[in-house]
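First the proteins, then the strands, lettered A, B, ... as listed; each starts at 1. Quick caveat: nothing in here was measured; it's all calculated off a predicted structure.
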Protein chains: 2
Amino acid sequence: MKISNPSGSGSGSAIPEVVILRLPLYVRILTQLRDEGIEVVSSRELGERLSVTPAQIRKDLSYFGRFGKQGRGYNVNYLVGELRRVLGLDRDWNAAVVGVGRLGRAIISYPGFSPEGFKVVAAFDADPSQVGRQLDVVTVRPMEDLAKAIAEQKIDIGIVAVPAPQAQPVINKLVECGIKAILNYAPVAPQVPGDVRVRNIDPVLGLQTMTYHLKMMKERKGK
Amino acid sequence: MKISNPSGSGSGSAIPEVVILRLPLYVRILTQLRDEGIEVVSSRELGERLSVTPAQIRKDLSYFGRFGKQGRGYNVNYLVGELRRVLGLDRDWNAAVVGVGRLGRAIISYPGFSPEGFKVVAAFDADPSQVGRQLDVVTVRPMEDLAKAIAEQKIDIGIVAVPAPQAQPVINKLVECGIKAILNYAPVAPQVPGDVRVRNIDPVLGLQTMTYHLKMMKERKGK
DNA sequence: CGGTGTGAAGTTCTTCACAGCC
DNA sequence: GGCTGTGAAGAACTTCACACCG
């Protein structure tokens, strides 16, 4: 009575999901260090920049290889390259945005994706009056084109920017089209099959978890 | 050799932070159920909507009280009220946005905060040419006014929307001014004292953790 | 019955501590 | 001496399973 392997069909060495979640942070700090001209870094120094224990960093990295040198630390340039490779960041990824309201348009013209290798190559909207509109480098297409576009344009990532009530249906559609990675901006808790990854971007949830602590602090000291 | 209590100065019954992180999700689904006219819900039903086990929901709720009725479940309306109270969502919270570039302006006019009780009541920018500009209901003020505004306008939350290089200095300033809750949109790993909470909103990190799995899937089945 | 609340068991994740190497 | 890599120990979190209740 023990089904433990996450992520479905068990590949092999079982790397904890939390570890994967931390790798992009390491990549980011290492990139920053590299830009500062720093060539070698120890797990202690890295940990200080990230508020993470050195042991955790060493353990995390050990899942993927032996990247350091005893007595010295890690070569920044080498490590950042290896981690990018592990994460699949050594190539570009195409994404489609669904929903071109205020939020969707902001996402399409967000300048932070492209330099990181994420390209928004298509946009969709259910509203016929939006279809055909040119936004940045993409033309808005009708939802019916979704399946075709995903196949033709090698789209691996769906970005959901529709109002909450439409979010689950849109997500279902993306899943039907074979999408396995979804960045969801709608304030909902999406339901997806086990082999589909979802990351939710939801500032309100962030705020709501902080108010708990604010409230506690205030209660503790009078007003 | 054992410093374990999180959140600094140890209040009492030690509620795990992960539990706090899930509560807003419960609130959201419960609100939705209420709007659908559903009056009672079991931990199993709630769990299905959230992809969480019923046991976890019952355990999480048990940290805060006994809200259910055996054989029946939870009264939706009552539970949502209790959870909102626990999270401090039974009042409004004032926030200040720092940085009024493209992103900052989008945050100021984002319609999702206000109905949830989060009010953006002030905006700041270091660029003198932005100061004085009217954005939605707030007027952009210079950074020097930060301390005064936080005190006068009872601001508890700082929202950081400046470019990455300025983020840490701005966060330091907010902390100096006594802010204990920060919603950070800049792609950095902020360093803050233990009694300050930060939540990062960072779509690129979300994408970068999904590419790992995409890559794995592709490798597993040829191309 | 059906479903909660909860100690106890089980699992996952983090930290320790030290051998080994530069 | 300084720092990595890693089994082992420890802490945190999740799930089980059942007494108890409506």
Whole-Å gap separating [atom2] ([N]) and [atom1] ([X]):
{"X": "Gln56(B)", "N": "dG5(C)", "atom1": "CD", "atom2": "P", "answer": "15 Å"}
{"X": "Arg58(B)", "N": "dG7(C)", "atom1": "CZ", "atom2": "C1'", "answer": "13 Å"}
{"X": "Ile20(A)", "N": "dC13(C)", "atom1": "CD1", "atom2": "P", "answer": "11 Å"}
{"X": "Leu46(A)", "N": "dG2(D)", "atom1": "CG", "atom2": "P", "answer": "19 Å"}
{"X": "Lys69(A)", "N": "dG20(C)", "atom1": "NZ", "atom2": "C1'", "answer": "15 Å"}
{"X": "Leu61(B)", "N": "dG3(C)", "atom1": "CG", "atom2": "P", "answer": "16 Å"}
{"X": "Ile57(A)", "N": "dT15(C)", "atom1": "CD1", "atom2": "C1'", "answer": "13 Å"}
{"X": "Glu17(A)", "N": "dT12(C)", "atom1": "CD", "atom2": "P", "answer": "14 Å"}

When you compare the side chain of Arg197(B) with that of Ile182(B), does any pair of heavy atoms fall below 4.5 Å? no
Does Thr211(A) reach the side chain of Leu207(A), with side-chain heavy atoms less than 4.5 Å apart? no
[X] side chain: which of [options] is closest?
{"X": "Ser62(B)", "options": "dG5(C), dG3(C), dC16(C)", "value": "dG5(C)"}
{"X": "Gln70(B)", "options": "dC22(C), dC16(C), dG22(D)", "value": "dG22(D)"}
{"X": "Arg22(A)", "options": "dT15(D), dT15(C), dT14(C)", "value": "dT14(C)"}
{"X": "Ser42(A)", "options": "dT4(D), dC13(D), dT15(C)", "value": "dT4(D)"}

With nearest nucleotides of DNA chain C determined for Lys59(B) and Val52(A) from heavy-atom distances, which residue corresponds to the more 5′ nucleotide? Lys59(B)
Return the 5'-most residue of the pair Arg44(B), Asp60(B) with respect to DNA chain C, ranking by each residue's nearest nucleotide. Arg44(B)
Identify all side-chain donor-acceptor contacts of residues 34-41 of chain A below 3.5 Å with residues at least two apart in sequence or on another chain.
{"unit_1": "Arg34(A)", "atom_1": "NH1", "unit_2": "Asn77(A)", "atom_2": "OD1", "d": "3.2"}
{"unit_1": "Glu36(A)", "atom_1": "OE1", "unit_2": "Arg49(A)", "atom_2": "NH2", "d": "2.9"}
{"unit_1": "Glu36(A)", "atom_1": "OE2", "unit_2": "Arg49(A)", "atom_2": "NH1", "d": "3.3"}

Would you say the side-chain atoms of Asp202(A) and Tyr185(A) include a donor-acceptor pair closer than 3.5 Å? no
For Gln208(A) and Glu116(B), test the side chains for any donor-to-acceptor distance below 3.5 angstrom and give the result as yes or no. yes
For [Y], is there an ion pair with [X] - N to carboxylate O distance below 4.0 angstrom?
{"X": "Asp90(B)", "Y": "Arg84(B)", "value": "no"}
{"X": "Glu176(A)", "Y": "Lys173(A)", "value": "no"}
{"X": "Asp156(B)", "Y": "Lys180(B)", "value": "no"}

Determine whether a donor-acceptor pair (one donor, one acceptor, N or O, separation below 3.5 Å) exists between the side chain of Arg72(B) and the base of dG3(C). no
Should the side chain of Arg66(A) and the base of dG5(D) be counted as holding a donor-acceptor pair, with the cut-off at 3.5 Å? no
Distance test, side-chain N/O of Tyr74(A) to OP1/OP2 of dG5(D), below 4.0 Å: yes
Does Ser43(B) make a side-chain N or O approach to OP1 or OP2 of dT4(C) shorter than 4.0 Å? yes
Helical bend (five base pairs per end, nearest 10°) for the helix from dC1(C)-dG22(D) to dC22(C)-dG1(D): 10°
